[in-house]
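First the structure, in the form of structure tokens, and then the observations on it.
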Amino acid sequence: MPRTPHTSPQTLRLFEALMKEPTTWRYGYDLSRETGLASGTLYPILMRLTEQTLLEAGWEPSDQPGRPPRHTYRLTGDGVALAKVRLAGAVVEKAPRRGTAAAIVRPA
Amino acid sequence: MRAVAYRVLRFAVRGRREQGGPWGEAVLAEFDQTTGTAAALRWAAGGLRVATRERYTRRPTAYRLALAAVALLVAALSGVTVNYVPSSSMEPTLTVASRHLVDKVSFHLTGLDYGDIVIHPLPDHPEQETERRVMAVAGDRVDCRDGRVFRNGAAVEEPYLPSGMATECLSVTVPHGALYTLGDNRDVANDSRFSGFVPEDSVIGRVVLFG
């Protein structure tokens, strides 16, 4: 069975961070720190989401003169909808698994 | 250390260009935000991954073709070579100063056959590589009658010889691990009739194309 797209733990962590304030433009480095993902993990996910128009990217001139403009990101309408579905799905999937594990650890 | 990491990343993103791809540039622009050497190195290392990924996905076919071409070149250089004939002992098949393609690999797998033209050093002058035709292999009996070569009592068909070319040789049996090779120009070739048997493992390659 093919894997459902955008359900990896890393992507879910990114969705979680972006969904805190879905309308705010976010910087890559801040997202990296907030999710704990290395740039080599984070940016490929950002690239994939942008390709599928789930994420929009823009350039924002730097506040310090002489510095290059910074890339910023926020979820599109589709992206917000998908993130909600995926995050909800992850919660549902986690709950029963935890239940069974607890049952094994703690025999009644 | 930070500066080195930044330069490496910048080179990976831009190369010699003024501006790299948007995603590489995005990672590069965020580099300033990192605090400390470890974080900077981590950021740059991830950036390298982003830069290669971006380049690769932009032109995947071109990259695969380039990789395939390089692989082919390496294989071709190690397995096939062009040889130059400075002698007349294989005339008229290979003329003096002709060039031909030598396959150094496949004969190890397929083995040699009667009539194959092989490259090997002369047994009595090991520094001199030469090309000769395989006339007999280990266990075969070779003798000559009326200017023709007989292998195990049967006359060998030699359509590549010019008419009137006669061969004279002594009767021999090829020992284990050896070959009996002759030059096509029987009047001048210093071949197994004079310099003796050729050790099988001294064969360097087989001529596959000449002209």
Side-chain angles (χ1 to χ4, degrees), chain A residues 3 5-6 8-18 20-21 24-76 79, chain B residues 1-68 70-71:
Chain A
R3 223 161 46 90
H6 312 301
S8 73
Q10 292 82 0
T11 309
L12 291 177
R13 255 144 85 187
L14 177 64
F15 278 153
E16 228 171 289
L18 287 168
K20 276 180 191 160
E21 287 171 62
T24 322
W25 289 94
R26 304 291 306 270
Y27 295 119
Y29 184 71
D30 299 340
L31 286 173
S32 164
R33 259 206 323 205
E34 199 172 319
T35 56
L37 298 175
S39 55
T41 310
L42 174 70
Y43 276 85
I45 299 174
L46 293 176
M47 286 157 91
R48 192 158 51 235
L49 293 177
T50 309
E51 254 168 49
Q52 299 165 356
T53 62
L54 298 168
L55 192 75
E56 47 186 333
W59 290 99
E60 185 185 277
S62 177
D63 39 8
Q64 295 156 301
R67 289 262 155 243
R70 297 177 70 183
H71 218 197
T72 56
Y73 316 94
R74 98 185 160 181
L75 287 169
T76 62
Chain B
M1 207 58 200
R2 274 184 70 94
V4 173
Y6 182 76
R7 280 197 192 166
V8 169
L9 180 59
R10 193 178 57 188
F11 183 75
V13 170
R14 293 184 185 165
R16 288 165 198 277
R17 295 168 299 171
E18 275 289 298
Q19 186 95 26
W23 290 99
E25 286 290 332
V27 179
L28 200 57
E30 297 294 303
F31 186 85
D32 296 340
Q33 306 295 317
T34 59
T35 45
T37 311
L41 287 179
R42 250 166 67 84
W43 190 260
L48 295 183
R49 229 184 115 192
V50 174
T52 30
R53 193 190 173 97
E54 189 175 29
R55 284 195 183 192
Y56 181 74
T57 45
R58 204 185 297 163
R59 283 186 299 164
T61 326
Y63 269 85
R64 271 177 212 155
L65 279 179
L67 273 180
V70 169

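Residue numbers begin at 1 in each chain, while the letters A, B, ... track the order of the sequences.
Nearest heavy atom pair, residue Ala26(B) against residue Trp59(A), reads N-CH2, 3.8 Å. Taking every heavy atom of both residues into account, Ser39(A) and Val50(B) meet most closely at O-CG2, 3.8 Å.
If you measure heavy-atom distances from Arg33(A) to chain B, you find no contacts under 4.5 Å at all.
Sorted by first then second residue, the side chain to side chain donor-acceptor pair (under 3.5 Å) pairs that include residues 18-30 of chain B, not counting sequence neighbours, are Arg70(A)-Glu30(B), Arg14(B)-Glu25(B).
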Determine, step by step, whether His71(A) and Val27(B) satisfy the side-chain contact (heavy atoms from CB on, under 4.5 Å) criterion, reporting the C-alpha distance in whole Å, the side-chain angles of both residues, the deciding distance to 0.1 Å, and the verdict. CA-CA 8 Å; His71(A) 218 197; Val27(B) 179; over 6 Å; no
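Within 6.0 Å of CZ on Arg42(B) lie no more than 12 heavy atoms contributed by other residues, nucleotides or ligands.
Of residues 46-56 of chain A, those residues with a non-hydrogen atom less than 4.5 Å from any non-hydrogen atom of chain B are, in numerical order, Leu46(A), Met47(A), Arg48(A), Thr50(A).
Listed by chain and residue number, Thr34(B) satisfy the side chain to side chain contact (heavy atoms under 4.5 Å, CB included) test with Ala39(B) (two or more places apart in sequence, or in another chain). Partners of Val4(B) by side chain to side chain contact (heavy atoms under 4.5 Å, CB included), not counting sequence neighbours, listed by chain and number: Val8(B).
Proximity of Tyr29(A) to Trp43(B): side-chain heavy atoms (C-beta onward) are separated by under 4.5 Å at one or more points.
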